[in-house]
Amino acid sequence: MTDVSITGLTKRFGPVTAVRDAGFTASPGVTGFLGPNGAGKTTVLRILLGLVRPTAGEALIDGVRYADLRHPRRVVGALLEATGFHPGRTARDHLTIAARLAALPVARVGQVLDDVGLAADAHRRVGGYSLGMRQRLGLAAALLGDPQVLILDEPANGLDPAGMAWLRGLLRDLADQGRTVIVSSHVLAEVAQTVDRVVVLHAGTVRFAGTLDELAGPGTGGLETAFLRLTSEPRLEGSRP
Ligand SMILES: Nc1ncnc2c1ncn2[C@@H]1O[C@H](COP(=O)(O)OP(=O)(O)OP(=O)(O)O)[C@@H](O)[C@H]1O
């Protein structure tokens, strides 16, 4: 069982405080990571992945920082932005190179292409892929190391309705396998159908962390109402210059 724990996390970019004393824990299951544009979600996820250094606080995976994991790609898979694929390379080549670079078995490539429904298009150049297909390729790359933890920043971006339904099933399967999945999204109706737990960030501060039922279960106004209530307050003083 692999937990993600964020404690006292603060990140300042010059005069902008992107994340302010944020804390939450994500355990096996799907945790929806919600917040308005600019709330600080991507910054938290990038800190978790060792891509951004926090000003204060910690982001730990299984008790250690990403940088201190012995085999990070076997523990954590990430989808941040589905860009950066070489347009002239096929999906299979892209994943094969990624596997080699991360010292992962190349035999995983066929498996993850199947998992994300790209097997039939694996020989095509990524430059000709639609946005949804690039998202699937990004997910395939995240799954390469068969990781216990998945960090997915807006994976539903660009997916059509069938793709959204497929993603929902994939996230459920990953959770049922005991993995810890953190997924950011702005599509609340989708989130309401997919996640077990919710973290709501606003102006860099955690406004709610708990189960979906606690926030938006029967007898409440639903997820959108709760989200708007939690994120309607003005930014805290000092979060901007
Ligand atoms: N490298 C950076 N330099 C300066 N400011 C940054 C940097 N990265 C993020 N920020 C600022 O930090 C704040 C939080 O941004 P972040 O991208 O984490 O939000 P987000 O919740 O992911 O937003 P969105 O939903 O729009 O993707 C914003 O004010 C943003 O402009």
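Indexing begins at 1, ligand by ligand and atom by atom, following the structure's order. Computed from heavy atoms alone, side chains included, the values below leave out hydrogens, waters and symmetry copies.
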**OP:** Looking only at distances, please establish whether an N/O atom of ligand 1 is found under 3.5 Å from an N/O atom of Val16.
**Re:** no
Original post:
Any idea which atoms of ligand 1 are less than 4.0 Å away from a heavy-atom of Ala39?
Top reply: 19 (O), 20 (P), 21 (O)
Original post:
Would you call Ser184 a ligand 1 contact, heavy-atom distance under 4.0 Å?
Top reply: no
Subject >> Residue-ligand contact Lys11/ligand 1, heavy atom below 4.0 Å >> reply: no
**OP:** Give the numbers and elements of all ligand 1 atoms closer than 4.0 Å to a heavy atom of Asn37.
**Re:** 23 (O), 24 (P), 25 (O), 26 (O)
Subject >> Asp115: partners by salt bridge (charged side-chain N to carboxylate O under 4.0 Å, His left out), with sequence neighbours left out >> reply: none
**OP:** Consider every N or O of Gly40 and every N or O of ligand 1, then say whether any pair is closer than 3.5 Å.
**Re:** yes
Original post:
Of all the atoms in ligand 1, which lie at a distance below 4.0 Å from a heavy atom belonging to His186?
Top reply: 25 (O)
**OP:** Might you work through the salt bridge (Lys or Arg N to Asp or Glu O under 4.0 Å) test for Asp146 and Arg179, ending with a clear yes or no?
**Re:** CA-CA 10 Å; Asp146 199 15; Arg179 299 179 209 250; 3.0 Å; yes
Original post:
Rounded to the nearest 0.5 Å, how far apart are CG of Leu152 and CD of Gln135?
Top reply: 9.5 Å
Original post:
Which value, rounded to the nearest 0.5 Å, describes the distance between Leu174 atom CG and Gln148 atom CD?
Top reply: 10.0 Å
**OP:** Sort out for me which residue in Thr55, Ile47, Leu48 forms a side chain to side chain contact (heavy atoms under 4.5 Å, CB included) with Leu9.
**Re:** Ile47
Subject >> Leu228 reachable from Leu223 in the ILVMFWY side-chain graph, under 4.5 Å edges >> reply: yes
Subject >> ligand 1 to Gly35 polar contact by distance, N or O atoms, under 3.5 Å >> reply: no
Subject >> Atoms in ligand 1 with a heavy atom of Thr43 nearer than 4.0 Å >> reply: 9 (C), 15 (O), 16 (P), 18 (O)
Subject >> For Phe33, all residues meeting ring pair (Phe, Tyr, Trp, His ring centres under 6.0 Å), sequence neighbours excluded >> reply: Phe24
